[in-house]
There are 2 protein chains.
Amino acid sequence: MEKELLTEEKIAEAAREVFIEKGMNGARMQEIADKAGINKSLLHYYFRTKEKLFAFIFSKLIHRIGDRLENLMQEGVSIEDKVKGYVELYIDILLKNPFLPNFILNEVTRNPDAIFEGFAAAKINPQKFFAPLENQLKAEGYNIDPRDFVINILSMVIFPLAGRPILEHIVFNGDKKAYKDYILSRKKSIVEFVMFALEGYKKLEVRD
Amino acid sequence: MEKELLTEEKIAEAAREVFIEKGMNGARMQEIADKAGINKSLLHYYFRTKEKLFAFIFSKLIHRIGDRLENLMQEGVSIEDKVKGYVELYIDILLKNPFLPNFILNEVTRNPDAIFEGFAAAKINPQKFFAPLENQLKAEGYNIDPRDFVINILSMVIFPLAGRPILEHIVFNGDKKAYKDYILSRKKSIVEFVMFALEGYKKLEVRD
DNA sequence: GTCTATATGGCGATAGAC
DNA sequence: GTCTATCGCCATATAGAC
């Protein structure tokens with residue numbers, strides 16, 4: 001039926017917004033129903049329980065993130081350009097979805113089971129990601145642990161956005177524009193910081 | 001009364017644990033009461049409502065963190081040693097309190113009002129912190145924005161611990177010991193990474 | 001101050017008409 | 001498929017005895 005897909009889509013979109021903003025515990029079925037412009041009992045008609053609805057939304061979200069990471073490892077692009085591309089892409093995404101990083105970090109620690117299902121469904125294979133990266137790093141002379149490389153960049157991109165209220169209030173005295181400008185400036189400064197660091201790893205012995 | 005202080009202290013400790021692990025929304029007054037070894041209604045006798053109890057705990061927590069940061073800016077210690085000291089201290093603290101970073105990031109985004117009260121009470125003054133740091137960085141020849149310096153280090157320390165379940169499962173295939181060893185190894189590798197990067201900033205023009 | 005018992009409200013979920 | 005009405009539970013909060 002036409003209506004089926006449409007309504008389910010409206011529910012999914014509303015649920016996605018509410019869950020991300022309020023978390024599993026804080027979200028209310030009523031609020032999701034309101035935002036979807038339908039009745040509360042219709043939610044249960046489509047997704048029997050709140051937990052099932054949450055699992056559905058969460059797994060779709062993880063899936064999308066996994067896909068984005070895969071796309072990152074195209075060949076023929078220098079490390080520096082990959083860093084630049086990654087940093088710019090994710091800062092933009094996270095600026096548009098300010099609740100996303102906290103949501104994922106949080107649900108994943110409070111409800112670890114969701115990980116096994118969600119990530120398994122997304123078929124994320126770290127080895128497929130780290131092996132070629134390690135090769136490329138070595139080929140360009142950077143003798144750094146690829147895990148450090150990836151995690152440090154992820155950290156510097158995500159943390160200041162996950163900690164937005166803290167930074168905004170403490171470092172920028174509540175000035176939202178100053179905060180946003182600073183985050184945008186990090187598109188350049190993170191790349192600079194990373195490439196400076198990588199320069200140091202050129203001097204190191206190859207280690208494995 | 002003797003009993004008053006003792007009971008209040010037991011409640012505070014229990015509430016702290018439960019709130020940090022489950023968050024404001026996930027925490028249950030019953031669980032706090034059980035953990036404190038008292039009756040549920042006694043909680044309300046001491047702290048009229050759950051919200052008031054939460055605010056009390058949260059503000060105390062922020063206060064302690066603020067104090068720790070202040071202590072960090074002692075004179076007569078090189079940048080490298082400060083980085084080393086900070087990284088080691090906080091990795092140890094966060095390993096012992098695995099739910100802490102998520103708790104703070106989360107409550108602070110979901111309930112931004114708590115920030116104003118909590119941080120205001122803790123009388124955190126960023127200028128008092130950044131100004132001497134900037135001086136020292138310049139004095140040692142590192143022409144880096146002190147905000148980048150601080151935020152990058154904070155990011156690299158906190159993020160891998162806030163994202164523990166993700167790293168543990170995806171990068172280390174569920175091997176908890178491998179994850180913990182890796183985090184401990186970061187005590188050295190973060191300092192290395194930062195100092196390599198700082199080397200690059202030595203070549204830059206002084207900018208202000 | 002500390003307990004037992006209970007009120008009160010909210011939320012997830014279901015029944016049933018249309 | 002979509003709605004209204006309602007159930008049943010659970011969590012916060014209060015009343016009142018001791």
5' priority, DNA chain C, between A:Ala27 and B:Tyr45 [closest heavy atom]: B:Tyr45

Between P of C:dG12 and CZ of A:Phe47, the distance in whole Å: 15 Å

Under-3.5 Å N/O pairs linking protein and nucleotides 4-7 of chain D:
{"from": "D:dT4", "atom 1": "OP2", "to": "A:Asn39", "atom 2": "ND2", "distance (Å)": "3.0"}
{"from": "D:dT4", "atom 1": "O4", "to": "A:Ser41", "atom 2": "OG", "distance (Å)": "3.0"}

Polar side-chain atom of A:Glu140 near backbone of A:Ile79 as donor-acceptor pair, under 3.5 Å: yes

Chi angles and distances behind the ring-ring contact (aromatic ring centres under 6.0 Å, His included) call for B:Phe54, B:Phe19: CA-CA 7 Å; B:Phe54 178 81; B:Phe19 276 131; 5.0 Å; yes

Members of residues 12-21 of chain B that approach DNA chain C, where some heavy atom sits under 4.0 Å away: none

Below 4.0 Å: OP1/OP2 of D:dT12 and any side-chain N or O of B:Arg48: no

Verdict with supporting geometry, B:Arg186 and A:Asn152, side-chain hydrogen bond (donor to acceptor under 3.5 Å, both in side chains): CA-CA 10 Å; B:Arg186 288 179 64 82; A:Asn152 286 347; 2.7 Å; yes

Distance, rounded to the nearest Å, where B:Asn25 contributes CG and D:dA11 contributes P: 13 Å

For A:Tyr179, all residues meeting ring pair (Phe, Tyr, Trp, His ring centres under 6.0 Å), sequence neighbours excluded: none

Among D:dA13, C:dG1, C:dG12, the nucleotide that comes nearest once only the side chain of B:Thr49 is considered: D:dA13

Nearest-nucleotide pick for B:Ile38, side chain only, options being C:dT2, D:dC3, C:dC3: C:dC3

Any donor-acceptor pair under 3.5 Å from A:Gln74 side chain to A:Lys82 backbone: no

B:Arg110 side chain vs A:Glu21 backbone, donor-acceptor pair below 3.5 Å: yes

Spacing between B:Lys50 atom NZ and D:dT12 atom P, to the nearest angstrom: 5 Å

A:His44, nearest nucleotide to its side chain (from C:dA13, D:dT12, C:dT2): C:dA13

Neighbour count >12 (heavy atoms, 6.0 Å) for atom NZ, B:Lys35: yes

Stepwise side-chain hydrogen bond (donor to acceptor under 3.5 Å, both in side chains) test for B:Asp175 and B:Tyr182: CA-CA 11 Å; B:Asp175 182 340; B:Tyr182 173 70; over 6 Å; no

